[in-house]
2 protein chains.
Amino acid sequence: MEGQITAMLRERGFKVTPQRLAIYETLRQTKSHPSAEMIFHELQPLYPTMSLATVYKTIEILKEIGLIQVLNAGEDSFRYDADVSNHPHVRCMKCGRVDDIMGIESEDFIDLISQNTSYKLTGQQFYFYGICPKCQITTPH
Amino acid sequence: MEGQITAMLRERGFKVTPQRLAIYETLRQTKSHPSAEMIFHELQPLYPTMSLATVYKTIEILKEIGLIQVLNAGEDSFRYDADVSNHPHVRCMKCGRVDDIMGIESEDFIDLISQNTSYKLTGQQFYFYGICPKCQITTPH
DNA sequence: TTGCTTGCAAAGTTTTTGCAGGCGC
DNA sequence: GCGCCTGCAAAAACTTTGCAAGCAA
């Protein structure tokens, strides 16, 4: 599983660079669904010369290869997830964090939709909005 | 049902202006889920002096009052829908159009999610991606 | 008349593009 | 060494803000 990115980049004719590996690794090691800016700041200490433009360009490639998925939970910016499995996301309307919702079997629901549209479906994203446990405590009413 | 916007604006202390009525009416009379820019261009002939800023400011109010809902189907810009009922949307990856998916009962699915997260849920958006009927014909493979 | 609203312009945010030097292969 | 890649800067795209004049109530 690990190191797969190297092979997948080369297969598609992309070069393997430290920046690309670092950006993917950052996404693999977090569940916080960071934006480009967040990834950039995360890598700043390790790669002081890294630019935001490189983050965006790398994200574009990783998306194309299918190594990451792109999220927009109603914010101004996009977030990225190295877990490309089909799972819903939930955003806290108070603190802004975005979490995974795991363990949901949505095939039946998707089939139902498929039968109710004339589109040929290729994918989907389910976003939920609410208040996270921590923010429920802070403001309990 | 019609003219409700007038009362709802006044109730909240907002003034009723031709621009606000026109922007809401544009959204009520379409199913294309226009962006701010699209609304602006639609109204340009009728209101030559209308500005994009007014469109954005009005959208902010309509959203606050609950007369419209905000969508982001993975595009750079937001889209707006005067149908605030809870229904999924689908975007064509080829031509970019965004359509409603009606007639879906999603309560059971939402309940299932509700039981699988520690968030206190307040809302959700379901986005599907695919190819619309027209684009399926144009490129049939 | 009062003060919210409009529309213009400027600014803010996020993302993309152009290009010269650098590095993967 | 060739050609793609990086990083800087500039630009583009979308949205927000400031302010003077205008209009709703």
Side-chain angles (χ1 to χ4, degrees), chain A residues 3 5-27 33-65 68 70-80 96 98, chain B residues 3 5-24 26 33-65 68 70-80 96 98:
Chain A
I5 181 181
T6 299
M8 295 189 72
L9 283 171
R10 291 216 176 97
E11 264 171 42
R12 302 288 203 100
F14 296 113
K15 290 185 176 172
V16 178
T17 69
Q19 290 91 336
R20 286 174 181 173
L21 296 178
I23 290 165
Y24 179 62
E25 204 51 29
T26 299
L27 282 170
H33 313 90
S35 63
E37 184 87 23
M38 290 164 167
I39 297 170
F40 175 64
H41 277 112
E42 175 92 22
L43 289 174
Q44 195 80 303
L46 281 139
Y47 298 81
T49 68
M50 164 109 49
S51 77
L52 243 189
T54 298
V55 175
Y56 278 110
K57 286 169 186 169
T58 297
I59 283 169
E60 182 61 32
I61 290 172
L62 295 177
K63 175 175 59 173
E64 196 181 320
I65 299 183
I68 63 173
V70 181
L71 308 179
N72 184 295
E75 300 167 296
D76 292 336
S77 56
F78 290 100
R79 288 169 174 262
Y80 307 96
V98 174
Chain B
I5 180 180
T6 298
M8 296 190 72
L9 283 170
R10 290 214 176 97
E11 265 171 42
R12 302 288 203 99
F14 295 112
K15 290 186 175 169
V16 177
T17 68
Q19 289 90 336
R20 286 174 181 173
L21 297 178
I23 290 165
Y24 179 61
T26 298
H33 313 89
S35 65
E37 185 88 24
M38 289 165 167
I39 296 170
F40 174 65
H41 277 111
E42 175 91 22
L43 290 174
Q44 195 80 303
L46 279 140
Y47 297 81
T49 68
M50 165 108 49
S51 77
L52 243 188
T54 297
V55 175
Y56 278 110
K57 287 168 185 168
T58 298
I59 282 168
E60 183 60 32
I61 291 173
L62 295 178
K63 174 175 60 174
E64 197 181 320
I65 299 183
I68 63 172
V70 181
L71 308 179
N72 185 296
E75 299 167 296
D76 292 335
S77 56
F78 290 100
R79 287 168 173 262
Y80 307 95
V98 174

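Chain identifiers are assigned alphabetically (A, B, ...) following the order of the sequence lines, protein sequences preceding nucleic acid strands; residue numbering begins at 1 within each chain. The figures that follow rest on heavy atoms only: side chains count, while hydrogens, waters and symmetry mates do not.
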Residue closer to the 5' end of DNA chain C, Met50(B) versus Asp76(B) (nearest nucleotide): Met50(B)
Atom of Gln19(A), atom of Met50(A) and distance for their closest heavy-atom approach: CG-CE, 3.9 Å
Check: Ile65(B) and Phe14(B) side chains under 4.5 Å, non-hydrogen atoms: yes
Atom pair distance, as rounded to whole Å: CG in Leu9(A) and P in dT6(D): 10 Å
Any Thr54(B) side-chain nitrogen or oxygen under 4.0 Å from OP1 or OP2 of dG7(C): yes
Distance in angstrom units between Arg20(A) CZ and dC23(C) P, rounded: 15 Å
Gap between atoms OH and P, on Tyr56(A) and dG7(D) respectively (whole Å): 16 Å
Side-chain donor or acceptor of Arg20(A) paired with backbone N/O of Lys15(A) under 3.5 Å: yes
OP1 or OP2 of dC5(D) under 4.0 Å from side-chain N/O of Thr17(A): no
Spacing of Lys57(A) atom NZ relative to dT17(C) atom P, expressed in whole Å: 10 Å
Minimum heavy-atom distance Ile68(A)-Ile59(A), with the two atoms named: CD1-O, 3.7 Å
Length of the CZ-C1' vector between Arg12(B) and dC4(C), whole Å: 17 Å
Sugar-phosphate, base or nothing in reach of Thr49(B), heavy atoms under 4.0 Å: sugar-phosphate
Upstream residue (5' side of DNA chain D) when Pro18(B) and Ala53(B) are each assigned their closest nucleotide: Ala53(B)
Donor-acceptor contact present, side-chain Thr58(A) to main-chain Thr54(A), <3.5 Å: yes
Length of the CD-P vector between Gln19(B) and dG22(D), whole Å: 14 Å
Nucleotide dA10(C), atom C1' - distance to CG of Leu52(B) in whole Å: 15 Å
5′-ward residue of the pair Tyr80(A)/Phe14(B) relative to DNA chain C: Phe14(B)
Check: dG22(D) base within 3.5 Å donor-acceptor of Lys15(B) side chain: no
First of Ser35(B) and Pro48(A) reached from the 5' end of DNA chain D, by closest nucleotide: Pro48(A)
Length of the CZ-C1' vector between Arg10(A) and dG24(C), whole Å: 9 Å
